[in-house]
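Notes for the one structure printed next.
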Amino acid sequence: MSVVVLPITGGSDGDDRRRPKIESHTRNDEYWLQRIGEEWAKSLGRPKGNSYRIDKLPVGYAGWEKGRGGDSKHVDRYLYGHVRGPARSIPDIMPHFKFLMENGNAFGCVCKLCVSGSRIKGLGVAGEKSSSRGDSPAQQSQYFAPPTAPPSRGQYYAPPPPPGPNAVGRPRTLLDVSKQRDVEMSPPLRRKQVDEEGTPDAIRLLLDRLKDAGAEGKIDEPIFESLSLDWRTGHTMLMETLREWSKLPGYVPRVGELVLFVRQLGPHESLGWDKNTWRAIDLSSRSWADKPKWEAGVITQMPTEAVSDADLSGVPSSKQHSVVDTGFRIEPLPQPNSVDKSLTRKHKYVPLHAIRPLALWKECLSGVDQPDWHPTVGNALTVASSFCVLGKYHFKGTWPEATVFAQAVYLGPEIVTIGDAVRLQNKTGDTETVTDIMVITAIKIRIVNLDEASDDDLDDGHPYNTCTHISGRVYTQDPTRSFDGIGKLPISAASPLLPIDLGELGTWYHVTDPKKTKARIEVPFQRVIGRCYEIAALQAWFTPPPDIAPPSTFQAVNTKPPAIQVNSRALASPATLNISRGLPGILEARAYSLRHDVRIATEDAKTWFWADTRIEQLDIQEVNSRFVGARNEMRRPEQLGGLRKALRALDGRKGGVKEYHAARREREEGLARRSEELGASMAGLVAGGALAAGAVGAGLSGMGDVERSSVDGEEEEDAMEVDEQLKTDLKSAIATDVMELDDDEEEDEDAGAALAAFKMAPTAKKPGHEVVELDSDEEMR
């Protein structure tokens, strides 16, 4: 049974101060999300056969539960947020919920809660007590007309809500309104641009400043989220983590990534390539064993011991510690859009040789029918068409356009950062061959159409459009794609210009003139397939064991890799050792995700889901046995609000902000010196326990934005200069293979055509809290 997520409107009367005063209560929204969704679907006449849930509770509402104790397994559940007290059942809250959804506010609601109040007494805001009946008009809810009908105009008249956007917030009391019934109500002011936790939107503040500066003004400055607790406490650690990750070999999994792994692999067993898939090998007898059972999970911890090429084939004898220190902690991925997250707790520490990138799922499951897959495999494929930008560090704009520079992006199963070598899908749409690789120098979120968009990101007005582009230096195996068009100057196999050891995989050419050191190619993010794996990994994964004879008795029923039909045909897999490995798997995974991830707004012709955090992207609730996201008890609105007040007080103290920046710079300089002293060894840069845990806390939450971590000093300047000239050329939408911006800068046509199309194309209605328009080559043309 598929799960359908119903988006709610923005209307709410919730009061987040109204929470249980008894510490034995536990926060749990999932029950209410599912039960309200089922009842709302019935009232909307949605078809039967599906399971329904709402995407979130109205602002200010929260679910809480408490066990009765003793031998009783009964759990009492409450929904807090209503001004008259908590609801304890679906019949109590549904009439009020439907009124909010239909009207956008609570004016005139005569539901049981509004008329009689909650059946639970003494559980409101501190210092208040709920009363079931007999309150005076001044003591009754300030949001609703009393139940008598018709009301007396002189005493209880409540005017209808003003025209325009639905009023959300707290109006005057009924007595005050009745005195001014003949006065026209002014349009509501713009709401505070904050997220669900009350953290101010730093990008919106910069966009407001850009608008105030006018067409002649410019903003070019780092992003500083002074009231974001995650940013203040975690951005330095996240920056250092991402810097180290960019220096790791491409085959090393990183925290937050989705991988395939074998749970049961003995100490004397490894995996060997057998024509189309991997099979277990008994190292003691040097013989083949059974085919392994593959599961999919998320990396939550990286090993504390160094990882080298030797780990690709087995556990080296030089390892000094157990698999807890030398392996990767992997937590199975539960089903997205489901309340059942129990799989997360079945974690396993796995050595590197028993792990494969999710891009190779077709090779791992070759000969295995889809009904026989482990459930986590389908769960991982479901989120392949989703992404999350991480570490926004710089803002640059001239009205009505702007660019936000980011440090990394979780693109489906993998994360790619500045400095990574990634593979690009050919512009021709080839589904079998990869010829181009890119070394990333900038990740950019383009913001356009600001002059046509509403300046309230929480209303239903016209949104601004965004598109995510990735730029860098590109190398190709196609001589016709080289900068001279004929491949006269191939790159030597031993040349240090190649980002990784790829010389044995063919001849490579520069796509841009190597004399133009600042030349860059910019492409839409969809063309990035994933990181490029070193030759050592490809050889370890796809070379049959030389000293073990092919199995004589093993006959696979179906030796072809599994295929998902795309456009009425199946994609094939490459048969040779090359960088194209995983291309069919990623393309089919994205097609699978488009059909199964209900969060993708396909009704609006969207093909990707843009998440705010990695937690939201994977739809998980626990990491390393700790609740995260909405399930984290430390992230209650009242707690976060108190901490933000403390930050304001700290910054308002004389020298507070200066002292913070000075301490931050000192920490960063110390980390840089330590990195230089260690020599930045490629084999020893795996993040340790504390650093990896910090990456989970800051990186997976998606709130740990950092300053620029560039490959070198020149790259930082290059990334900024590319955008300064783009405005003029992109508006002309020139469709050339490589566009000359000036003597030193170039850009791919895909980026120019996509951005120009955004400015000219109509925009779909803004969907609630999401203010994005994703770009696609097909959609743009």
Side-chain angles (χ1 to χ4, degrees), residues 238 241-242 245 248 251-263 294-303 323-324 327-338 340-352 354-361 364 373-388 390 408-417 530-531 585-586 589 592-593 596-597 599 609 611-632 686-687 689 691-702 704:
L238 179 62
T241 300
L242 295 176
W245 284 358
L248 289 173
Y251 59 75
V252 176
R254 303 169 181 178
V255 172
E257 291 190 337
L258 297 178
V259 296
L260 293 169
F261 68 98
V262 177
R263 181 180 293 270
W294 293 95
E295 301 179 39
V298 56
I299 301 290
T300 61
Q301 290 180 18
M302 298 172 71
V323 70
V324 175
F328 296 79
R329 178 182 167 120
I330 305 178
E331 298 182 0
L333 184 67
Q335 181 182 356
N337 314 312
S338 171
D340 183 9
K341 305 297 182 183
S342 57
L343 284 173
T344 301
R345 301 176 182 176
K346 300 178 181 180
H347 73 273
K348 180 74 173 179
Y349 287 92
V350 184
L352 181 62
I355 299 174
R356 295 293 182 270
L358 187 66
L360 302 178
W361 68 270
C364 293
W373 294 357
H374 193 276
T376 55
V377 176
N379 298 342
L381 297 180
T382 299
V383 298
S385 284
S386 62
F387 74 105
C388 166
L390 183 66
V409 56
Y410 277 106
L411 190 58
E414 290 188 356
I415 184 174
V416 295
T417 70
R531 292 197 301 276
I586 284 294
Y592 183 96
S593 175
H596 292 83
D597 194 341
R599 302 172 298 177
F609 171 65
D612 290 330
T613 67
R614 185 62 167 173
I615 295 297
E616 179 188 15
Q617 186 180 1
L618 301 181
D619 194 16
I620 54 181
Q621 298 177 355
E622 290 184 54
V623 173
N624 293 329
S625 301
R626 293 185 178 182
F627 285 122
V628 293
R631 296 296 301 274
N632 186 354
V686 175
L691 187 57
V696 172
L700 288 183
S701 68

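- Panel note: side chain Trp294, backbone His374; no donor-acceptor pair is recorded below 3.5 Å.
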Start with the C-alpha gap between Ile330 and Glu295, add the side-chain angles, then the distance that decides, and say whether side chain to side chain contact (heavy atoms under 4.5 Å, CB included) holds.
CA-CA 10 Å; Ile330 305 178; Glu295 301 179 39; over 6 Å; no
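- A salt bridge links Arg531 with Glu257: the closest approach of a Lys/Arg side-chain nitrogen to an acidic carboxylate oxygen falls below 4.0 angstrom.
- Asp340 and Ser342 share a side-chain donor-acceptor pair at under 3.5 Å.
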Practice prompt. In sequence, state the C-alpha distance, the side-chain angles, and the governing distance for Asn624 and Glu331, and then conclude on side chain to side chain contact (heavy atoms under 4.5 Å, CB included).
Written response: CA-CA 8 Å; Asn624 293 329; Glu331 298 182 0; 3.7 Å; yes
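- A perpendicular orientation is assigned to the rings of His347 and Tyr349, their planes being inclined by more than 60° (bins at 30° and 60°).
- Ion pairing between a basic and an acidic side chain is recognised when a charged N comes within 4.0 Å of a carboxylate O; Arg345 and Glu622 show such pairing.
- Defined by atom type and a distance below 3.5 Å, a donor-acceptor pair is present between the side-chain atoms of Ser386 and Gln617.
- Side-chain contact between Ser338 and Asp619 is absent, with no heavy-atom pair separated by less than 4.5 Å.
- Of the possible polar contacts, none joining the Lys341 side chain to the Leu333 backbone as a donor-acceptor pair under 3.5 Å is found.
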For this session: Verify side chain to side chain contact (heavy atoms under 4.5 Å, CB included) between Asp597 and Asn337, making sure each step is shown before the conclusion.
Result: CA-CA 8 Å; Asp597 194 341; Asn337 314 312; 3.9 Å; yes
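- For the pair Thr382 (side chain) and Gly378 (backbone), a donor-acceptor distance under 3.5 Å is present.
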Please step through side chain to side chain contact (heavy atoms under 4.5 Å, CB included) for the pair Thr417 and Leu390, ending with a clear verdict. CA-CA 9 Å; Thr417 70; Leu390 183 66; over 6 Å; no
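- Checked by atom type and distance alone, the side chain of Arg254 pairs as donor or acceptor with a backbone atom of Trp245 at under 3.5 Å.
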